[in-house]
Trainee: 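My questions will all concern the structure given below.
In what follows, chains are A, B, ... by sequence order, proteins preceding strands, each numbered from 1. Note that these values count all heavy atoms, side chains included, but never hydrogens, waters or copies made by symmetry.
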Protein chains: 2
Amino acid sequence: MVQIPNTSASAPPAQRSVPTSADVARLAGVSRATVSYVLNNTSAVRISEPTRRRVHEAAEELGYVPHAAARSLRAGHSRMVLMPAPAIPVGPLHGQFLNELQWALSRLDYTVVQHGALGLHGDDAARAWAELRPVAVLVPGQGLGPQGVAVLKRSGARAVVTLGPTGVEGAHALLMDHATVGREAARHLHARGRRRIGVVVPEESGLEAYSTPRLDGVRQALRGTDAVVTELPLGYTEEAAARLAARWRGLGLDAVFAYNDEYAMLLMRALQDEGVRIPEDTAVIGADDLMLGRLLRPRLSTVHIELPSGRELAELVDRAVRDPGAAPERHEVLGATVVHRDSS
Amino acid sequence: MVQIPNTSASAPPAQRSVPTSADVARLAGVSRATVSYVLNNTSAVRISEPTRRRVHEAAEELGYVPHAAARSLRAGHSRMVLMPAPAIPVGPLHGQFLNELQWALSRLDYTVVQHGALGLHGDDAARAWAELRPVAVLVPGQGLGPQGVAVLKRSGARAVVTLGPTGVEGAHALLMDHATVGREAARHLHARGRRRIGVVVPEESGLEAYSTPRLDGVRQALRGTDAVVTELPLGYTEEAAARLAARWRGLGLDAVFAYNDEYAMLLMRALQDEGVRIPEDTAVIGADDLMLGRLLRPRLSTVHIELPSGRELAELVDRAVRDPGAAPERHEVLGATVVHRDSS
DNA sequence: TTGAAAGCGCTACCAT
DNA sequence: ATGGTAGCGCTTTCAA
């Protein structure tokens with residue numbers, strides 16, 4: 001049976017089939033090889049100027065766009081850097097970091113792709129990512145185990161970088177120990193004479209990854225002192241905050257680290273409505289240093305968090321891709337400093 | 001020259017090459033065809049149970065993961081739904097929408113991918129997306145022109161959906177006319193007797209897509225009335241807000257629609273610090289109905305925005321993919337309702 | 001029930 | 001300077 005060429009006039013114009021480099025070659029009257037040379041500016045081969053023009057014109061006319069899958073199949077590798085799409089809305093801090101990162105990786109000629117597979121977890125997710133044969137994978141959180149790393153590496157990923165509290169065997173790690181945040185908050189409160197310290201723990205799921213280490217950090221910092229830590233579960237609603245505030249005096253707390261600025265604002269308002277004076281009766285400190293915290297009265301004290309620059313991570317990725325054999329790097333990258341304002 | 005097989009003992013174990021279905025076949029002692037049948041559960045072919053087991057075991061042992069590019073190259077299409085990664089940190093509203101969408105598309109067996117190419121614009125971006133041969137492309141904003149749509153369709157995209165103020169020739173559209181937001185805000189202020197109405201326009205770039213239509217909406221709603229609209233450029237800093245507040249009385253405004261709740265909170269605080277009484281001297285209304293607006297005193301009035309459900313869009317995508325010939329659908333999907341609290 | 005082989009679109013080697 | 005062609009990993013007819 002004769003293969004009907006793409007350019008067959010019998011094809012309905014409504015759904016023209018996708019032009020390939022062969023179509024371009026045919027139209028330009030050259031070979032597919034020449035098309036490839038021209039469109040990729042292959043320096044090892046010199047193509048005459050008229051030919052180049054004809055090829056470019058043909059490509060233009062057909063609206064030819066190279067097929068990335070075919071290309072990377074042939075090349076045996078891609079320049080795709082994959083990361084899972086964040087499952088929870090990402091704050092301005094993390095958002096800026098992500099943007100920097102994507103920009104920096106683009107500059108290094110990588111294609112950045114966020115894979116949105118919210119249903120998958122752990123090694124299933126790793127397998128799904130591996131199908132795309134990314135050259136590097138960046139994984140926030142701690143969903144990935146050594147198995148997952150192995151799957152990714154076996155399927156050609158030259159760099160796997162985790163961003164989270166703990167590293168993983170075989171992968172590079174940007175260690176972001178949120179315990180530091182809790183520690184700084186606790187030290188601050190303790191230094192200012194507070195001893196009965198509450199720690200808000202959000203009830204919203206997906207936040208445990210941050211809230212647990214932040215709570216642990218508080219406990220660490222206060223270990224061996226005379227301070228007492230009270231865990232305060234709190235849903236992100238006015239009602240929940242009001243309920244917590246209603247039993248506040250009974251709790252006998254003189255300070256609270258409220259997980260982050262948003263929970264802090266929520267709780268602070270509820271406390272004020274309840275007649276609790278801040279900071280006299282209870283000191284309040286948040287985290288993340290949101291602009292909005294400065295708008296409250298009293299202004300909200302907070303823990304300013306410093307993330308690594310996106311450029312930094314991009315360079316780590318690039319280094320790792322270039323030398324996949326190198327020992328995994330581990331960097332402690334989360335800076336936390338108290339910004340003392342008026343609420344504590 | 002003899003081709004050294006993948007399993008050659010001469011390969012350094014440190015960098016084993018990626019296992020292919022041929023490797024699985026070899027290990028299981030069957031043909032590549034059989035491997036494909038087994039791993040894809042091809043119903044048209046019956047494979048004996050022992051063979052199935054051997055294949056699965058071999059795949060497991062090698063850590064085999066199919067190569068998505070090769071598969072879709074062969075198949076002639078993919079199930080990838082592509083969308084550009086948001087360039088600005090996305091709020092809780094949009095964030096939830098995105099998550100729903102990804103979840104719903106995953107359920108429909110699509111692979112959702114966010115393409116992070118912050119450097120590219122318009123048709124360049126479209127070309128970059130087209131290289132990945134997605135079966136559908138979702139584009140927020142108005143960066144995409146008819147040219148871009150054409151490129152995408154010619155390269156095999158069976159559905160292109162824009163999400164933004166205006167549709168594009170040839171593409172489906174979820175029309176999100178932010179003018180509605182401004183209109184509702186303006187109507188509310190006007191109904192409450194305000195006549196000299198300021199509209200905050202953020203100076204931060206990337207927000208024009210929202211701020212311009214919101215401003216236009218205010219103008220529309222007030223056209224033909226005795227109200228006067230004043231445009232108020234404002235950067236998202238305390239200093240800028242203080243500067244604006246300092247010249248507030250000179251502006252002679254009795255109301256302000258502050259773009260969104262965050263700018264509203266920023267401005268409201270600055271006005272209060274300046275001694276401007278809210279709402280007596282100046283009414284303030286924001287938009288987005290953030291939780292935080294309820295924490296201010298007075299509580300912030302706002303325009304609650306209703307986005308379509310992610311499921312809805314996922315179904316539109318699926319419909320369009322199944323029937324690419326159908327006429328582009330256009331849906332007006334942005335709901336806006338004033339939530340009147342105490343600041344207006 | 002299983003295997004052989006073609007071919008998806010592309011690039012890079014080797015000829016000419 | 002340009003063309004022929006092999007082969008990347010996969011699925012799917014067709015044959016056995």
Trainee: Counting only heavy atoms and a strict 4.0 angstrom limit, can you tell me which residues of residues 70-78 of chain A come near DNA chain C?
Mentor: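 Result for residues 70-78 of chain A: A/Ala70, A/Arg71, A/Arg74, sorted by number.
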Trainee: Hey, what bend do you get for the helix from C/dT1-D/dA16 to C/dT16-D/dA1 if you fit axes on five pairs at each end, rounded to 10°?
Mentor: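 The value is 40°.
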Trainee: Backbone N or O of A/Met80 within a donor-acceptor pair of the A/Arg133 side chain at under 3.5 Å?
Mentor: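 The answer is no, because no donor-acceptor pair under 3.5 Å joins these two groups.
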Trainee: Just the rounded figure in Å: distance from P of D/dG9 to CG of B/Asn40.
Mentor: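 Going from CG in B/Asn40 over to P in D/dG9 covers 17 Å.
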Trainee: Backbone N or O of B/Asp109 within a donor-acceptor pair of the B/Arg79 side chain at under 3.5 Å?
Mentor: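 Yes, because the side chain of B/Arg79 sits within donor-acceptor range (under 3.5 Å) of the backbone of B/Asp109.
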Trainee: How many whole angstroms separate atom CG of B/Leu39 from atom C1' of D/dT12?
Mentor: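 Distance, rounded to whole Å: 15 Å.
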Trainee: Starting at atom CD of A/Glu131, determine the distance to atom P of D/dC10, rounded to an integer number of angstrom.
Mentor: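 Roughly 10 Å, once rounded to whole Å.
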Trainee: C/dG9 P sits how many Å from A/Arg26 CZ, rounded?
Mentor: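 Value for this atom pair: 11 Å.
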Trainee: So that I can tick it off, tell me whether A/Arg322 and A/Asp318 are bridged by a salt bridge, with the cut-off set at under 4.0 angstrom between side-chain N and carboxylate O.
Mentor: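 So A/Asp318 pairs with A/Arg322 through a salt bridge.
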Trainee: Tell me which pairs pass salt bridge (charged side-chain N to carboxylate O under 4.0 Å, His left out) where either residue lies in residues 36-55 of chain A, with sequence neighbours left out.
Mentor: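 Qualifying pairs: A/Arg53-A/Glu57.
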Trainee: Residues in side chain to side chain contact (heavy atoms under 4.5 Å, CB included) with A/Ala150, at least two apart?
Mentor: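 Here no residue qualifies.
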Trainee: Nucleotides 13-16 of chain D: which of its N/O atoms have a protein N/O under 3.5 Å away?
Mentor:
unit_1 : atom_1 : unit_2  : atom_2 : d
D/dT13 : O4     : B/Tyr37 : OH     : 3.0

Trainee: Looking at residues at least two apart in the chain, or sitting in another chain, which of them share a side chain to side chain donor-acceptor pair (under 3.5 Å) with B/Gln114?
Mentor: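 B/Gln114 satisfies side chain to side chain donor-acceptor pair (under 3.5 Å) with B/Gln102 once adjacent residues are dropped.
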Trainee: Show every donor-acceptor pair shorter than 3.5 Å between a side-chain atom in residues 141-149 of chain B and any protein atom, with sequence neighbours excluded, or say none if there are none.
Mentor:
none

Trainee: For A/Ser31 and A/Thr34, indicate whether the former's side chain and the latter's backbone hold a donor-acceptor pair under 3.5 Å.
Mentor: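 Side chain of A/Ser31 to backbone of A/Thr34, a donor-acceptor pair under 3.5 Å: yes, one is there.
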Trainee: The criterion is side chain to side chain donor-acceptor pair (under 3.5 Å); which residues satisfy it with B/Thr111, sequence neighbours excluded?
Mentor: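 Side chain to side chain donor-acceptor pair (under 3.5 Å) list for B/Thr111, sorted by chain: empty.
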Trainee: Below 4.0 angstrom, which residues in residues 47-60 of chain A have at least one non-hydrogen atom near DNA chain D?
Mentor: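 Those residues are A/Ile47, A/Ser48, A/Thr51.
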Trainee: For A/Asp323, what residues pass the side chain to side chain donor-acceptor pair (under 3.5 Å) criterion, not counting sequence neighbours?
Mentor: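 A/Asp323 satisfies side chain to side chain donor-acceptor pair (under 3.5 Å) with no residue once adjacent residues are dropped.
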Trainee: A/Arg32 has an atom CZ; how far is it from atom C1' of D/dC8, in whole Å?
Mentor: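 Rounded to the whole Å, the gap is 13 Å.
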Trainee: Less than 4.0 angstrom between a side-chain N/O of A/Ser31 and OP1 or OP2 of D/dG3, yes or no?
Mentor: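 Yes, A/Ser31 has a side-chain N/O under 4.0 Å of OP1/OP2 on D/dG3.
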Trainee: Which one, D/dT5, D/dT2, D/dC10, comes nearest to the side chain of B/Thr20?
Mentor: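 Nearest to the side chain of B/Thr20 among the choices is D/dC10.
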Trainee: Using a cut-off of 6.0 Å, state whether more than 12 heavy atoms not belonging to A/Gln96 lie near its atom CD.
Mentor: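 It does not: A/Gln96 CD has 12 such atoms or fewer within range.
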Trainee: Using a strict cut-off of less than 4.0 Å between a Lys/Arg side-chain nitrogen and an Asp/Glu carboxylate oxygen, indicate whether A/Arg311 and A/Glu315 qualify as a salt bridge.
Mentor: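 Looking at A/Arg311 and A/Glu315, the cut-off is met.
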Trainee: Pick the closest DNA chain C nucleotide for B/Val30 and for B/Arg133 by heavy atoms, then say which residue is nearer the 5' end.
Mentor: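 Comparing both residues, the 5'-ward one is B/Val30.
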Trainee: Could you list the residues that satisfy side chain to side chain contact (heavy atoms under 4.5 Å, CB included) with B/Ala22, not counting sequence neighbours?
Mentor: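 With neighbours one apart ignored, the set is B/Thr20, B/Arg26, B/Arg32.
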Trainee: Just to verify, what does B/His121 make a side chain to side chain donor-acceptor pair (under 3.5 Å) with, not counting sequence neighbours?
Mentor: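 Per chain and number, B/His121 pairs via side chain to side chain donor-acceptor pair (under 3.5 Å) with no residue.
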Trainee: May I ask you to evaluate whether A/Ser36 reaches the phosphate of C/dT11, defined as a side-chain N or O under 4.0 Å from OP1 or OP2?
Mentor: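 Answer is yes, contact under 4.0 Å.
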Trainee: Whole angstroms only, please: what is the NE2-P distance between B/His67 and C/dC8?
Mentor: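 Distance, rounded to whole Å: 18 Å.
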Trainee: Checking all strands, does A/Ser21 fall into the base, sugar-phosphate, or nothing category for heavy-atom contacts under 4.0 angstrom?
Mentor: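 Contact class for A/Ser21: sugar-phosphate only.
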